[in-house]
Amino acid sequence: MSATEPTPELLPQTPSQTVGPFFHYALTEEPIDRLDPDGQAGQAIVVHGTVRDGAGDLVCDAMIEVWQADGGGRYRHPADGRSADVPSSFIGFGRVATAKETGQFAVATVMPGTVPGRDGTVQAPHLNVQIFARGLLSHLHTRIYFEGAAANDADPVLAGIPPERRHTLLARPDGEQDGLPRYRFDVVLQGEDETVFFDA
Amino acid sequence: MSSTDARYRPRDAGANPPLDHPDYGSTRTRHPKQPPVPLEHTLSEVTGPGPALADVLPEDADLTTNAGTGAEAMGERIIVTGRVVDEDGTPQPNTLVEIWQCNAAGRYIHEGDQHPAPIDPNFIGRGRCLTDEDGTYRFLTIKPGAYPWRNHPNAWRPAHIHFSLFGPALVTRLITQMYFPGDPLHELDPIMGSIPREHWHRLIGDYDHSITQEEWALGYRFDIVLRGPDATPFEAGGAGALA
C-alpha cells in the first residue's frame, strides 16, 4: 500500500464541524491578545487586519488563532528541543474574534525569529494562523510572513507558492500602535486576492 | 535535534466536510475557491499551544452551576464524557476540552440569538476541562434544545454541543459538534449532511446507562479521535517527544 492510503487498523478521525455564529462567549470573551505580557520574548509588534468574504463584505463573526515562535525562533512545546529557553511568560498562542462593528482583529505580540524547516532549511519569521467562522465547516490554515524580511527569499514554503499569490501571505508595515511597529494582514476567504490556505 | 522529521497523518478527506457545501448557505461566499496548498509538516505544525493550555478550575466542567448565580440551570441534567485519543488509540492526557451550547429551550445567551425561547439566567452554556491520564474528559450539563435558523424554510438545528480541542500539535486542532442519538432532525440538517452518512456515528454521542446516575442525570459517551503522528520522532525518547 502507498503511504497515502489509510491504514485499516487506525481509529477514524472525528470529523470537523463549523464553529457556528455563537462561539464568542465560550472562546473569545476573554481574548488572548497580548502574547508577551512581560516583554521578554522579543521585539514587540502589533499584527492586525480584517477578514473578508467573496462578496467583499467584512466577516465580523470570525475567530483567529495564532501560534508562533518567540524572538529566538523557538516554540514553547516539547517537540522543540529549545523550548526551555523560551521566556516562561510566552506561550506563543493568541485567540481573538473579529470585532462586530469593524471586522478588525489585532494581537500584540513579538516578531518571531527564524524557525528550522525540513532537511536543514530555514523558515522566515512567520505566524501560523487558523481561521474559524460560521460557514467554514473546517477551519482554514495559513501563515503570516512579514514584507521585506530578509529571510523570505530563502523560505521553502513561500518558494512553493506561485509568485502572483505570494503577496497574500505578507503582512505590511502599517505605522505604529501604542508606540509599537504595526503590521497589517487582511484575510480574503474567496475571490480576487484570495489568501493562500494550506492543507497542513 | 531532528524532531522536525516528525509529521502527522493527513486529515481524513472522506470523513471531513468540504468547504463548499451549497446546502449550508453560509459556505457560499466563505469557502476558498483555490485548492489548499499542501504543506509538509515542520516544527511550526508539529508544535502547538495544547501542552501549555492548562488554566482550568474543576467547577468549569459543571455547566449546571458555573453561571455562579447560586441556582441550578433548568432542564434535563446530563453527563457527557468520553476519551480523547489519537488514531493509534493513544490517550491524549492534559488536553483542553472547551464546550459551548444553547440552553434546554434552544436559546444561546449570545446577543446574535434572538429567537423567542426563554433565556435561563442560571445557564451560561460554556464549560471546559482537561483530560486525565487516560484521556478522559467529563462534563455535567443540561441537554440542549433544538433551535431554528434561517438556512432554509423551517430549518432547525438538531440538539448539539460544540467541542473545541487542541491536542498535542497545531495540526491536531479540532472543533466539532456532538449530536444526540435518535434525533429526527439529523436527516434534515445540512451541517451534519456535509459529511457522508456512514461517518455520522462519529459525531453522535452514545447513550450509556453505565454513565447515567440514579435519580440524578442521564449519561452519554462521546469519544474523540485526533490525528496521530505519522512517524516516530528520531531523537532519544522516541514518541514521547510528541506526546
Side-chain angles (χ1 to χ4, degrees), chain A residues 4 6 10-27 53-55 57 59 61 65 67 69 75-81 91-93 115-118 123 126 128 130 132-141 157 160-161 189-191 194-200, chain B residues 1 3-4 6 11-12 15-17 19 21 24 26-27 29-34 36-40 42-49 51-52 85 87-89 98 100 108-110 112-113 124 126 162 164 170-171 173-177 191 194-195 199 202-203 224-225 227-228 233 241-242:
Chain A
T4 57
L10 292 177
L11 295 173
Q13 296 166 14
T14 301
S16 170
Q17 293 274 269
T18 180
V19 74
F22 300 137
F23 59 85
H24 298 83
Y25 61 87
L27 300 183
D53 67 14
D57 293 331
V59 176
D61 59 355
E65 291 182 348
W67 168 246
Y75 286 104
R76 184 173 197 78
H77 189 280
D80 189 332
I91 291 176
F93 175 67
V115 171
R118 298 188 73 83
Q123 303 187 85
H126 65 277
N128 307 286
Q130 295 182 325
F132 305 79
R134 169 180 62 87
L136 292 178
L137 287 158
S138 295
H139 62 266
L140 301 175
H141 186 119
V157 174
I161 304 299
L189 296 179
Q190 185 187 87
E194 183 176 299
T195 302
V196 169
F197 299 106
F198 294 101
D199 181 10
Chain B
M1 70 163 270
S3 66
T4 52
R11 281 165 54 86
D12 183 351
N16 271 297
L19 288 170
H21 183 62
Y24 173 25
S26 294
T27 66
T29 58
R30 294 187 167 191
H31 75 273
K33 291 190 171 178
Q34 301 281 345
V37 174
L39 182 63
E40 276 206 295
T42 69
L43 208 51
S44 296
E45 291 76 35
V46 302
T47 59
V85 299
E87 294 168 278
D88 300 300
E98 297 167 287
W100 70 102
Y108 287 89
I109 57 168
H110 195 283
D113 185 356
I124 53 174
R126 67 165 180 256
H162 295 267
S164 167
L170 193 64
V171 295
R173 183 82 176 97
L174 176 70
I175 288 185
T176 188
Q177 300 179 23
I191 293 179
S194 67
I195 63 168
H199 300 304
R202 302 184 198 176
L203 296 177
I224 296 168
V225 180
R227 292 165 66 179
L242 283 180

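Naming: A, B, ... by sequence-line order, numbering from 1 per chain.
B:Thr42 places no side-chain N or O within donor-acceptor distance of the main-chain N or O of A:Arg118, the cut-off being under 3.5 Å. For A:Tyr75 (side chain) and B:Gly48 (main-chain N/O), no donor-acceptor pair under 3.5 Å exists by modelled atom type. With hydrogens and angles ignored, the 3.5 Å screen pairs no side-chain donor or acceptor of A:Ser16 with any backbone N or O of B:Asn16. For the pair B:Arg202 (side chain) and A:Pro15 (backbone), a donor-acceptor distance under 3.5 Å is absent. Using a distance-only test at 3.5 Å, with no hydrogens or angles considered, no donor-acceptor pair links the side chain of B:Glu45 to the main chain of A:Ala200.
For B:Ile175, the parts lying near chain A are the backbone and the side chain together; criterion is any non-hydrogen pair under 4.5 Å. For chain B, the nearby part of A:Pro21 is the backbone; its heavy atoms alone come within less than 4.5 Å. Proximity to chain B is absent for every atom of A:Asp57, based on heavy atoms less than 4.5 angstrom apart. Both the backbone and the side chain of B:Gln177 come within less than 4.5 Å of a heavy atom in chain A. Both the backbone and the side chain of A:Phe23 come within contact range of chain B, each with at least one heavy atom under 4.5 Å from a heavy atom of that chain. Interface remark: A:Tyr25 contributes backbone and side-chain atoms alike to the contact with chain B (heavy atom separation under 4.5 Å). Both the backbone and the side chain of A:Val19 come within less than 4.5 Å of a heavy atom in chain B. With a threshold of 4.5 angstrom between heavy atoms, B:His31 approaches chain A through its backbone and through its side chain. Contact annotation for B:Leu203: only side-chain heavy atoms (C-beta onward) come within less than 4.5 Å of a heavy atom of chain A.
Two residues are said to be in side-chain contact when any heavy atoms from C-beta on lie closer than 4.5 Å; B:Tyr24 and A:Thr18 meet this criterion. Taking 4.5 Å as the limit, some side-chain heavy atom of A:Leu10 sits within range of a side-chain heavy atom of B:Asp88. With a 4.5 Å cut-off on side-chain heavy atoms, B:Gln34 and A:Val196 do not count as touching.
Taking CG of B:Leu43 as the reference point, atom CG of A:Asp80 lies at 4.5 Å (rounded to 0.5 Å). For the atom pair CG (B:Leu174) and CD (A:Gln17), the distance works out to 9.5 Å, reported to the nearest 0.5 Å. For the atom pair NE2 of B:His199 and CD of A:Gln13, the computed distance is 10.5 Å after rounding to the nearest 0.5 Å. Here B:Ser44 contributes atom OG and A:His141 contributes atom NE2; the two are 8.0 Å apart, rounded to the nearest 0.5 Å. Summarising the geometry, atom CZ belonging to B:Arg30 is positioned 11.0 Å from atom CG belonging to A:Leu140; distances are rounded to the nearest 0.5 Å.
Residues satisfying the ring-ring contact (aromatic ring centres under 6.0 Å, His included) test with A:Phe93, not counting sequence neighbours, are B:Phe166.
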Task: Working for side-chain contact (heavy atoms from CB on, under 4.5 Å), residues A:Leu137 and B:Ile191 - done: CA-CA 8 Å; A:Leu137 287 158; B:Ile191 293 179; 4.1 Å; yes
